[in-house]
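Report on the following structure.
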Protein chains: 2
Amino acid sequence: MRASGRDTRGDHGARPAVRPATGVAGGSPADTAAVEREATKRGARTDRRVPTLDEVARLAGVSRSTASRVINGQSYVSARARAAVTEAVTRLGYRPNMLARSLATRRTNSLALVVSEHGSRVLDDPFFARLLRGVYAGLAGTGLQLVLLMDQDGQDHAALGRYLCAGHVDGTLVVSLHGEDPLPGQLRSAGVPTVLVGRPLSTVDLPYVDADNFNGAVAAARHLAAAGRGTLVTIAGPRDMAVGIDRLAGWRCGMAAAGRRTAGVAHGDFTVEGGAAAMTRLLADHPDLDGVFAASDLMALGAMRALRAAGRTVPDDVAVVGFDDSDLAATAVPPLTTVRQPVEELGRTATWRLLGELDAEDQLPPSVLLPTELVARASG
Amino acid sequence: MRASGRDTRGDHGARPAVRPATGVAGGSPADTAAVEREATKRGARTDRRVPTLDEVARLAGVSRSTASRVINGQSYVSARARAAVTEAVTRLGYRPNMLARSLATRRTNSLALVVSEHGSRVLDDPFFARLLRGVYAGLAGTGLQLVLLMDQDGQDHAALGRYLCAGHVDGTLVVSLHGEDPLPGQLRSAGVPTVLVGRPLSTVDLPYVDADNFNGAVAAARHLAAAGRGTLVTIAGPRDMAVGIDRLAGWRCGMAAAGRRTAGVAHGDFTVEGGAAAMTRLLADHPDLDGVFAASDLMALGAMRALRAAGRTVPDDVAVVGFDDSDLAATAVPPLTTVRQPVEELGRTATWRLLGELDAEDQLPPSVLLPTELVARASG
DNA sequence: TTGTAGGCGTTATCAA
DNA sequence: TTGATAACGCCTACAA
């Protein structure tokens, strides 16, 4: 007995012909269109005709204008006309063509959340799930559709910028910026309303919303320093992200304020594996370490794993502090002391900020920093 | 010392006025003009007019047609004209308006991956990260842009269907269908090329790609039955998803084939918490159980947690088998025996299938089922 | 309350 | 090789 009967096996290895990824040489910004035209050539698909507003109007015996008014729920329409149009709409199964509407209104009623990072990595970090929750909360009741965009492999990073600047969305939320990403500049010069989630590294004149990473790290340093630990190290984030830089700066500042020095610094990439590798390096260089601050919970988890592998216990031998207060922190064994970051609020705030930008109703604060706080648990 | 100097605090609680969801208000030209004046006054967003093809053509001293040809890299253009247009394009910073282009060509060069489930939950499951990886791999070199869509709270489920049927994308990949979701039907009747990831529950005439959940579960049943375990139970997936149904059916069939009966069944929602709760219920009903098959790794992890909390050891007291072979399975303690599912290949295959649909080049197999296999580890 | 006509920015079809 | 001209589907002053 099989669960399903109409399946076919074995054909899934067949690969449709790949279009060449290169277009006409030249380098002008419009040359990319050549590549895209290529795509159009590769299929004469028999698309069924979709009913248009014109046909609805004709069937209802009114003009396009009246039909349009009915469909957009405007007033100044007789009950008779409204009924006729409604009837025609359902009879024809009419659906307004958003492209045409957007072309005319210059509004798409959709926003983009673009993660300036490779997609597959993104979803591994619980940060994004929480951020998304916040964004959705901020969007509730607006009728705006959110689309998620990420770096695709085999596609230049600029493709994202082109998509966003080509009128597909009314505004953009950009998160997880690395180094000197040109995307914010592109968006700004294209006039696409944009709010950054996370302080940008380069000075670009766009508003951003961020957590107070600096003071969160200060708190972590204070906590470990006050815990009577002797040799303290830190697993910092990437050097090319503001979040990594700010947390490291805060840590250093907090340590200095406590009259302590940092025994060692290793950089990770915010992943469990990166944290474990960094911890291993630190253990090799500083066998006597007894306290570590990791710039993310994921890295802290990796650090705990590496410590365990090295025969150290947490928190008896080594105290561990993370950053994020993700779900994993509370359920870790032992539960992870961490710096709470209001991620949902970050997403909500950024979204509201962007909505305000769209409405351009009045003066908005250039940028916002949300508070962070230390959450003490068993790990340190 | 602060990491940044131009931040503003405290204003993030303010919520901008919500725009009406229907396009009635805000559309009058007076309103728009006022908004633009306001924006200009602030100097924040100078709503610069975007250069059009017309202006490019004028500046280059050619017709729109010729300008269009140059920009699309077509032949039959004199070198002189080409140079002039290229020059004008760069001088003006021209970017083609994709909406207008799509309206004319009836192609958007973008696909949607729609997760018929609430967004925040989606990202918590490693399945989606892997699937996305596969989809991106399948898309590599095509120049197609992928957009991710999910259920938003405070928005009716139909909004997704409207977006997809309104011409925003050339094709759609639908994953994680529950019960009688109307989405596939909408897409089909709107003529949007669609491939489902995962067998649909309702009979809708759309191709799908799925893993062989049935036989994977058969293998799990065989494995546990052969391991000399006496009292076997299963944590099944949701009753309203084919993946849940198929794995349960496979389990039952495998058990029957081994001449065994299932002591108990509890349903979970594919989350760690759901798995833990189900395990707890099963333990209460069947204290003597010594083997459990969970229909997902996440639920298996939750089951292990619940078992540990109940004082049972894995695998000595109870053998645990999961489904997915996610990264978490291998790194769990103890490492989790599980059924390997080729998730990346699932994504890649579904994508290729969809690309084939777009090209409509020739007869394609209606649906595809990818093989699954058991991976034995320490947990059972 | 309704219809007419022009525009949104591109592409596609033909003559020239 | 080039350029009018007509789609593409919808919105919206403006006039009736």
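We name chains A, B, ... by the order of the sequence lines, and we start the count at 1 in each one. Computed from a predicted structure; not experimentally measured.
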Worksheet item: What integer distance in Å separates B/Arg69:CZ from C/dC14:P?
Response: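 Rounded to the whole Å, the gap is 14 Å.
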Fill in: Atom pair distance, as rounded to whole Å: OH in B/Tyr76 and P in D/dG3
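The distance from OH of B/Tyr76 to P of D/dG3 comes to 17 Å, rounded to the nearest Å.
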Worksheet item: Side-chain N or O of A/Ser63 less than 4.0 angstrom from OP1 or OP2 on C/dT4?
Response: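 No.
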Discussion item. Using OP1 and OP2 only, check whether a side-chain N or O of A/Ser78 sits under 4.0 Å from C/dT2.
Written reply: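 Yes, A/Ser78 has a side-chain N/O under 4.0 Å of OP1/OP2 on C/dT2.
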Practice prompt. Could you walk me through whether B/Val56 and B/Val85 pass the side chain to side chain contact (heavy atoms under 4.5 Å, CB included) test, one step at a time?
Written response: CA-CA 7 Å; B/Val56 170; B/Val85 171; 4.1 Å; yes
Where the side chain of [X] meets the backbone of [Y], is there a donor-acceptor pair that is under 3.5 Å apart?
X: A/Glu357; Y: A/Trp352; value: no
X: A/Arg353; Y: A/Pro365; value: yes
X: A/Ser202; Y: A/Val204; value: no
X: A/Asn72; Y: A/Gln74; value: no
X: B/Gln186; Y: B/Cys165; value: no
X: A/Ser102; Y: A/Met98; value: yes

Worksheet item: Given C/dA12, D/dT2, D/dT12, which nucleotide is nearest the side-chain atoms of A/Gln74?
Response: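 In terms of side-chain proximity for A/Gln74, the closest of C/dA12, D/dT2, D/dT12 is D/dT12.
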Worksheet item: In degrees rounded to 10°, what angle is found between the helical axes fit to the five outermost pairs at each end of the helix from C/dT1-D/dA16 to C/dA16-D/dT1?
Response: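 That helix gives 40° between its end axes.
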Worksheet item: In chain order, what residues pass the salt bridge (Lys or Arg N to Asp or Glu O under 4.0 Å) check against B/Arg58, with sequence neighbours excluded?
Response: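 None.
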Every protein N/O within reach of nucleotides 7-11 of chain D N/O, cut-off under 3.5 Å:
unit_1: D/dG9; atom_1: OP1; unit_2: B/Arg106; atom_2: NH2; d: 2.3
unit_1: D/dG9; atom_1: N2; unit_2: A/Ala100; atom_2: O; d: 3.4
unit_1: D/dC10; atom_1: OP1; unit_2: A/Tyr94; atom_2: OH; d: 2.5
unit_1: D/dC10; atom_1: OP1; unit_2: A/Asn97; atom_2: N; d: 3.1
unit_1: D/dC10; atom_1: OP2; unit_2: A/Leu53; atom_2: N; d: 2.4
unit_1: D/dC11; atom_1: OP1; unit_2: A/Asn72; atom_2: ND2; d: 3.3
unit_1: D/dC11; atom_1: OP1; unit_2: A/Arg101; atom_2: NE; d: 2.5
unit_1: D/dC11; atom_1: OP1; unit_2: A/Arg101; atom_2: NH2; d: 3.1
unit_1: D/dC11; atom_1: OP2; unit_2: A/Ser68; atom_2: OG; d: 3.0
unit_1: D/dC11; atom_1: N4; unit_2: A/Arg64; atom_2: NH2; d: 3.4

